[in-house]
Student: 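Just dropping this structure here.
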Amino acid sequence: MSVSPLASFSANVSSLDSRREESPSVVSMRTSFQRMHNLSRSEAPPTVAQRRAHLDALEAAIRRYQPAIIEAIDQDFGGRSRYETVIADIFPLILSLQHTRKHLARWAKPRSVPVHWAFQPGAAEVVPQPLGVVGIIAPWNYPVQLALSPLISALAAGNRAMIKPSELTPRASALIAQLIAETFSPDTVTVVQGGVHIAEGFGKLPWDHLIFTGSTRLGAIVMRAAAENLTPVTLELGGKSPAIIHPEHPMEHAVDRILAGKMLNAGQTCIAPDYVLLGRGQAKEFVACAKDIVAKRYPTLLNNADYTALANDGQYARLHGWLTEAEAKGATLLPINPANEDLPAARRKMPLTLVLNATDDMTILQEELFGPVLPLIEVDNVDAAIRYVNERARPLALYYFDRNKERVRHMLARTVSGDVTVNDTMLHIVQEELPFGGVGPAGMGAYHGKRGFDTFSHLKGVFWQSRLNAAGLMSPPYGKRLDQLLGILMR
Ligand code: NAD
């Protein structure tokens, strides 16, 4: 006998308390979820004014907590540039809050849509409605931004939300929990902290929508758990994002912008350029420009507060191992260490390492690098670069350096990636009017700005029948008159 999805969903909600084998923390998370779920079904959705008040309160809290956030992430990473925390964890949230507040009233209104003449003067509209309770799972690399940015969209759309920040940044996660507890009632927003055990339990709850930001590997696990409840998911995952330089593009400019994207947060960014495709014989020029730029931006590395450390020993060991393997298989490693410092592993400051002669059998060309390692791959021409990208998993981001608009259009048409920045890196992520998200193994769905509001809304179609209408013409007894009418309608 097959069980209908609706029946199994209800069972999941109603049996939340009966899972006695679960740890107290998982039970408490489930209880909290169930209360939010029930309230989302019994209470009126928040008005636009109430949602604005939520956003105002969140913005005030982020501003108030800014010094503490900087300190917590710095300690979690063992060295995170305070400016990078402001630029990449806090500033995008403020931009998003300002944009959302400005446009919220318009986004939340019923959206009138055209009606076919046969059904006029009836009217049709799309009515956005809160989905209910949204689950947010966040990673460690921008722990505050990636926990709170989905929250902005979820609250704007009128939902309640629960956040599971990363266990790998414990101080930042505890601070997020404190900030949220101080700002919202636990029936509106709450934070659960913990490792894999909590994360697994979190993924299994019957959310009205679940947004997961993290690795592609865990994305599949999260989606499998969500499928049990038919929970819709937005998956913000990772992958290898290429930077492609047209042979005619000024090399110094391309290297300047690629390194800006690569060295922010020491490359621990989902949309950091992962590798570079450039013309035959051009790697040498890239290397020379890179040495100059790194020396100017980071004259020293070890005690330079502007250069972020790898966030944990696992990250350091992973990259170190992959570089050792690449070198053993014949790659040339070019670490750029301007002051020739000793960089002890315990401090986790890894120099930008350019890699020449990398081959497909090396892990660095197979896995997302997520650190300051940058393979340079020479190809015959732009079409060969396009083929290289298309033969591999769809990337989360793509960067193309070329001032020729026609060729840029060609690149845009012939490659599929989550998003693109042309003649720079990463800046698409702070354009609130652009949807942010991946495609294929880099993720599904998108958020930010109006797209985020829509992601966490049910866009309900409503048809308003008019007093005067022709619907009766389609009712039995059928006959010649209907034949004539259908003849006209289907002409
Ligand atoms: P991760 O996948 O290891 O962990 C992400 C989160 O998932 C953590 O909070 C973790 O506790 C939780 N988790 C662990 N097991 C789980 C389970 N079984 N069910 C549900 N949740 C579980 O990722 P990470 O190492 O923290 O982050 C790095 C990855 O995230 C990279 O691949 C990077 O590209 C990606 N990323 C993507 C974006 C984006 O916006 N697309 C942004 C940042 C990072």
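Atoms within a ligand are numbered from 1 in the order they appear, just like the ligands themselves.
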Student: Decide if atom CZ of R257 counts as having more than 12 heavy atoms of other residues, nucleotides or ligands within a radius under 6.0 Å.
Tutor: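 Above 12, so yes.
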Student: Among side-chain atoms of T415 and S417, is any donor-acceptor pair under 3.5 angstrom?
Tutor: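 No, no side-chain donor-acceptor pair sits under 3.5 Å.
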Student: Is the closest heavy-atom distance from S166 to ligand 1 below 4.0 Å?
Tutor: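 Per 4.0 Å heavy-atom rule, S166 contacts ligand 1.
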Student: Just wondering, more than 12 heavy atoms not from H320 lying within 6.0 Å of its NE2?
Tutor: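 Result for NE2/H320: open.
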Student: As an exercise, identify every atom of ligand 1 less than 4.0 angstrom from a heavy atom of L396.
Tutor: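 Here the atoms of ligand 1 in question are 41 (N).
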Student: Just to check, does A199 reach to within less than 4.0 Å of ligand 1 when the distance is taken from its heavy atoms?
Tutor: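 Checking ligand 1 against A199, which is what was asked, there is a heavy-atom contact under 4.0 Å.
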Student: Could you say whether the N/O atoms of W140 and ligand 1 ever approach to under 3.5 Å?
Tutor: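 Among all N and O atoms of W140, at least one is under 3.5 Å from an N or O of ligand 1.
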Student: Do the charged groups of D56 and R52 touch, with an N to O distance under 4.0 Å?
Tutor: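 No salt bridge links D56 with R52.
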Student: What protein heavy atom sits nearest atom 27 (O) of ligand 1, and how far away is it?
Tutor: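 Answer, as residue, atom name and distance: P139 CB, 3.4 Å.
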Student: Any heavy atom of Y142 sitting closer than 4.0 Å to ligand 1?
Tutor: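 Per 4.0 Å heavy-atom rule, Y142 does not contact ligand 1.
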Student: Does any N or O in the side chain of Q315 come within less than 3.5 Å of the main-chain N or O of A309, such that one atom is a donor and the other an acceptor?
Tutor: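 Not at all, since once roles are kept as given, no pair shorter than 3.5 Å links the two residues.
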Student: Under 4.0 Å from a heavy atom of F370: which atoms of ligand 1 are those, numbered in the order shown and with their elements?
Tutor: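 Here the atoms of ligand 1 in question are 28 (C), 31 (C), 33 (C), 34 (O).
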Student: Tell me whether R414 at atom CZ has more than 12 heavy atoms from other residues, nucleotides or ligands lying less than 6.0 Å away.
Tutor: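 No, because the 6.0 Å sphere around CZ of R414 holds 12 heavy atoms or fewer from other groups.
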Student: Regarding E84 and R80, does a basic nitrogen lie under 4.0 Å from an acidic carboxylate oxygen?
Tutor: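 Looking at E84 and R80, the cut-off is not met.
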Student: Could you tell me whether L237 and ligand 1 have an N or O pair separated by under 3.5 Å?
Tutor: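 Yes, there is a polar N/O contact under 3.5 Å.
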Student: Taking N or O atoms only and a 3.5 Å limit, does T216 qualify as a polar contact for ligand 1?
Tutor: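 The answer is no, given that T216 and ligand 1 share no N or O pair closer than 3.5 Å.
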Student: Which one holds for L146 and ligand 1: side chain close, backbone close, both close, or neither close, with close meaning a heavy atom under 4.0 Å?
Tutor: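 Only the side chain of L146 comes within reach of ligand 1.
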Student: Regarding D402 and R409, does a basic nitrogen lie under 4.0 Å from an acidic carboxylate oxygen?
Tutor: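 Result for this pair is no, no salt bridge flagged.
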Student: May I ask you to check whether T188 and H54 show a side-chain donor-acceptor distance below 3.5 Å?
Tutor: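 No pair is found: no donor N or O on one side chain lies under 3.5 Å from an acceptor on the other.
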Student: Considering only heavy atoms, which of Q315, E200, E368 lies nearest to atom 18 (N) of ligand 1?
Tutor: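 The option holding the nearest heavy atom is E200.
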Student: For I221, take its heavy atoms, then give the atoms of ligand 1 lying under 4.0 Å from any of them.
Tutor: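 Contacts of ligand 1 toward I221, numbered from 1: 18 (N).
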Student: If you have a sec, work out which protein heavy atom is nearest atom 23 (O) of ligand 1 and how many Å separate them, to one decimal?
Tutor: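 Its nearest protein heavy-atom neighbour is S215 N, 3.5 Å.
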Student: What I want to check is whether the side chains of R160 and S40 have a donor and an acceptor closer together than 3.5 Å.
Tutor: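 There is no such pair between these side chains.
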Student: What protein heavy atom sits nearest atom 14 (C) of ligand 1, and how far away is it?
Tutor: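 Closest protein heavy atom to atom 14 (C) of ligand 1: L218 CD1, 3.3 Å.
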Student: Using a strict cut-off of less than 4.0 Å between a Lys/Arg side-chain nitrogen and an Asp/Glu carboxylate oxygen, indicate whether D187 and R35 qualify as a salt bridge.
Tutor: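 Judged by the 4.0 Å cut-off on N to carboxylate O distance, D187 and R35 do form a salt bridge.
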Student: Any donor-acceptor pair under 3.5 Å linking the side-chain atoms of H209 with those of T234?
Tutor: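 H209 and T234 do have a side-chain donor-acceptor pair below 3.5 Å.
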Student: Could you tell me which atoms of ligand 1, counted from 1 in the order shown, lie closer than 4.0 angstrom to a heavy atom of N141?
Tutor: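 Those atoms are 43 (C), 44 (C).
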Student: Assert yes or no for the condition that the ring centre distance of W140 to F370 is strictly below 6.0 Å.
Tutor: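 W140 vs F370: aromatic centres under 6.0 Å.
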Student: Is there a nitrogen or oxygen of G214 sitting under 3.5 Å from a nitrogen or oxygen of ligand 1?
Tutor: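 Yes, since at least one N or O of G214 sits under 3.5 Å from an N or O of ligand 1.
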Student: Considering non-hydrogen atoms of the protein only, which is the closest contact for atom 39 (C) of ligand 1, and what is the distance?
Tutor: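 The closest heavy atom on the protein side is C270 SG, 3.3 Å.
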Student: Suppose I only count heavy atoms of E236 and a 4.0 Å limit; which atoms of ligand 1 are within that range?
Tutor: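 Heavy-atom distances to E236 below 4.0 Å select 37 (C), 38 (C), 39 (C), 40 (O), 41 (N).
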Student: Do any N/O atoms on A138 end up under 3.5 angstrom from N/O atoms on ligand 1?
Tutor: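 For ligand 1, there is an N or O atom that lies under 3.5 Å from one belonging to A138.
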Student: Any nitrogen or oxygen of K164, main chain or side chain, under 3.5 Å from a nitrogen or oxygen of ligand 1?
Tutor: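 Min N/O separation from ligand 1 is below 3.5 Å for K164.
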Student: With heavy atoms only and a cut-off of under 4.0 Å, state how E167 meets ligand 1: side chain, backbone, both or neither.
Tutor: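 Side chain only.
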Student: Decide yes or no for H448 and Q431: does some side-chain heavy atom of the first lie under 4.5 Å from some side-chain heavy atom of the second?
Tutor: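 No, side chains not in contact.
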Student: Are side-chain N/O atoms of Q178 and Y65 paired as donor and acceptor at under 3.5 Å?
Tutor: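 Distance-only check passes for Q178 and Y65.
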Student: Can you tell me which portion of F212 lies within the under-4.0 Å heavy-atom range of ligand 1? Options are side chain, backbone, both, or neither.
Tutor: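 Contact part for F212 vs ligand 1: side chain (C-beta onward).
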Student: So which heavy atom in the protein is nearest atom 5 (C) of ligand 1, and how far is it from that ligand atom?
Tutor: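 Protein heavy atom with the smallest distance to atom 5 (C) of ligand 1: T213 O, 3.7 Å.
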Student: Under 4.0 Å from any heavy atom of I137, which atoms of ligand 1 are there?
Tutor: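 Within the 4.0 Å cut-off of I137, ligand 1 contributes 6 (C), 7 (O), 9 (O), 12 (C), 20 (C), 21 (N).
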Student: Closest non-hydrogen protein atom to atom 40 (O) of ligand 1, residue and atom name please, with distance?
Tutor: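 Nearest protein contact, heavy atoms only, for atom 40 (O) of ligand 1 is F436 CE2, 3.3 Å.
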